[in-house]
There are 2 protein chains.
Amino acid sequence: MTTLWERSRQVAVQAILDTAVRLFAEQGYEQTTIAQIAREAGISQRSLFRYFGTKEDLVCGDQEALGNLLKRTVEQQPAEMSAWDALRAGFEVVLTANHTPERALELSRLIFDTPSLRARYIEKRLSWQAELVPVIRARLGNGPGRPAPDTQARAIVATVFACADTATELWAGHDGRLDLADLYDQCLGAVRGQG
Amino acid sequence: MTTLWERSRQVAVQAILDTAVRLFAEQGYEQTTIAQIAREAGISQRSLFRYFGTKEDLVCGDQEALGNLLKRTVEQQPAEMSAWDALRAGFEVVLTANHTPERALELSRLIFDTPSLRARYIEKRLSWQAELVPVIRARLGNGPGRPAPDTQARAIVATVFACADTATELWAGHDGRLDLADLYDQCLGAVRGQG
DNA sequence: GTCCTCCTGGCAGTTAATGCCAAGTAGGCG
DNA sequence: CGCCTACTTGGCATTAACTGCCAGGAGGAC
């Protein structure tokens with residue numbers, strides 16, 4: 001039940017999203033105004049702000065869902081798997097669940113080329129990081145002479161995200177011709193010594 | 001020559017900065033308007049925007065200088081020093097050059113607690129990263145079977161910044177009672193295996 | 001049909017930020 | 001000292017992202 005509203009809402013969201021991404025690609029993010037997107041999507045400016053709280057959410061909005069997916073996937077990895085491998089597995093799942101590669105490439109380029117978008121994107125990712133820290137901490141063995149588990153977990157999560165980000169940037173810079181998972185492994189290998 | 005203008009400019013900048021930081025600490029960043037800062041600092045709103053291009057620059061403004069300092073310091077490390085050690089040395093210099101610890105703590109907390117500020121801070125950080133990549137690449141030995149130097153350099157720089165950020169967040173969370181350089185080493189150690 | 005609920009659109013208002021122009025001030029020069 | 005030039009300052013208008021408020025319309029239960 002309560003389906004028609006939700007369905008038309010989904011349709012509206014998709015129409016707005018398509019319009020926005022098209023306009024951003026055509027004339028750039030900063031040069032595109034909310035008024036223009038609303039006009040071309042056939043919706044009022046006021047309602048657009050109800051669907052997407054901010055202009056940046058038009059690009060980074062569905063990151064929320066990906067964050068949850070990542071967390072759930074990492075949690076479900078076997079307990080004997082190391083923190084690094086569990087995160088790697090989560091990253092892999094998120095990659096395949098993303099969008100079509102073309103769309104993902106378009107969005108990645110938009111984000112990496114627009115400072116304010118990139119900042120916003122990372123801001124969202126920081127909240128995933130925070131949520132992942134306890135999950136990773138639970139997976140760490142408390143070896144002797146190691147830093148506090150919290151510090152350790154935070155550092156590991158931050159590093160994994162930094163490498164994922166770097167890999168994505170390289171991937172977008174090469175127009176998606178390289179394999180993203182490969183790039184991720186290379187980045188992590190460069191950091192952890194041939195990992 | 002051209003001293004009186006520069007001197008009074010310095011005075012004005014400092015007065016604005018003090019007013020702004022005080023107001024931010026008192027009532028929060030979002031709740032403080034540019035108009036209020038300008039009024040209390042005895043300057044017109046228009047001139048305030050000439051000194052500081054954006055509201056966020058009132059907090060993150062001098063990060064620019066720190067970025068340059070970091071880059072120069074890393075460049076000047078002996079050629080035989082590893083990329084990791086050179087970055088570590090640069091980080092150390094930046095730490096001591098920062099501000100008084102109290103001021104640094106206050107600013108760090110403000111940044112970490114205010115999403116838009118944190119986003120802006122990361123944006124600045126990303127531009128340092130980009131500038132540091134060629135410096136680090138020049139320092140990498142082209143061992144066999146390694147990833148492309150560019151990938152390697154980007155990954156290393158991103159990781160170092162991720163650890164520095166994590167350490168700063170932990171430091172601010174503990175009210176500055178822990179040693180920041182220690183935290184940085186712990187983070188990097190957790191990532192690189194007892195580094 | 002009636003009522004209730006939720007969504008939508010318009011309108012006004014706030015805030016950050018930018019361009020423009022007139023007025024003021026420092027400093028060099030006769 | 002008086003003048004001219006260079007540069008700064010402040011007020012005004014404007015834009016763009018948001019937000020609150022309120023009237024009106026479209027589902028859905030009875």
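Letters A, B, ... mirror the listed sequences (proteins, then strands); counts begin at 1.
Shown for residues 42-63 of chain A: residues whose heavy atoms fall under 4.0 angstrom of DNA chain D, namely R46(A), F49(A), G53(A), T54(A), K55(A). For DNA chain D, none of the residues of residues 14-29 of chain B falls under the heavy-atom distance limit of 4.0 Å.
At a threshold of 4.0 angstrom between heavy atoms, the contacts of S116(B) with the nucleic acid are absent.
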Report all side-chain donor-acceptor pairs from residues 167-176 of chain B shorter than 3.5 Å, counting only partners two or more places apart or in another chain.
unit_1: T168(B); atom_1: OG1; unit_2: A164(B); atom_2: O; d: 2.8
unit_1: W171(B); atom_1: NE1; unit_2: L178(B); atom_2: O; d: 3.3
unit_1: D175(B); atom_1: OD1; unit_2: R109(B); atom_2: NH1; d: 2.6

Only distances under 3.5 Å count here; give the side-chain donor-acceptor pairs of residues 64-78 of chain B to other protein atoms, sequence neighbours excluded, each with its distance to 0.1 Å.
unit_1: E64(B); atom_1: OE1; unit_2: K124(B); atom_2: NZ; d: 3.1
unit_1: T73(B); atom_1: OG1; unit_2: L69(B); atom_2: O; d: 2.7
unit_1: Q77(B); atom_1: NE2; unit_2: T73(B); atom_2: O; d: 3.0

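Under the rule for a side-chain contact (heavy atoms from CB on, under 4.5 Å), the partners of S82(A) that lie at least two apart in sequence or sit in another chain are W84(A), D85(A). With sequence neighbours excluded, no residue forms a side chain to side chain donor-acceptor pair (under 3.5 Å) with Q31(A). Evaluation of the side chain to side chain donor-acceptor pair (under 3.5 Å) rule for E102(B) yields T100(B) as partners, not counting sequence neighbours. For T33(B), there are no side chain to side chain donor-acceptor pair (under 3.5 Å) partners at least two apart in sequence or on another chain. For F112(B), the ring-ring contact (aromatic ring centres under 6.0 Å, His included) test picks out no residue, with sequence neighbours left out.
Ion pairing of R192(A) with D185(A) is absent here, as no side-chain N (NZ or NE/NH1/NH2) approaches a carboxylate O to less than 4.0 Å.
Counting to the nearest Å, the P atom of dT14(C) and the CD1 atom of I34(B) are 17 Å from each other. Note: CD (Q36(B)) to P (dA16(C)) measures 10 Å, nearest angstrom.
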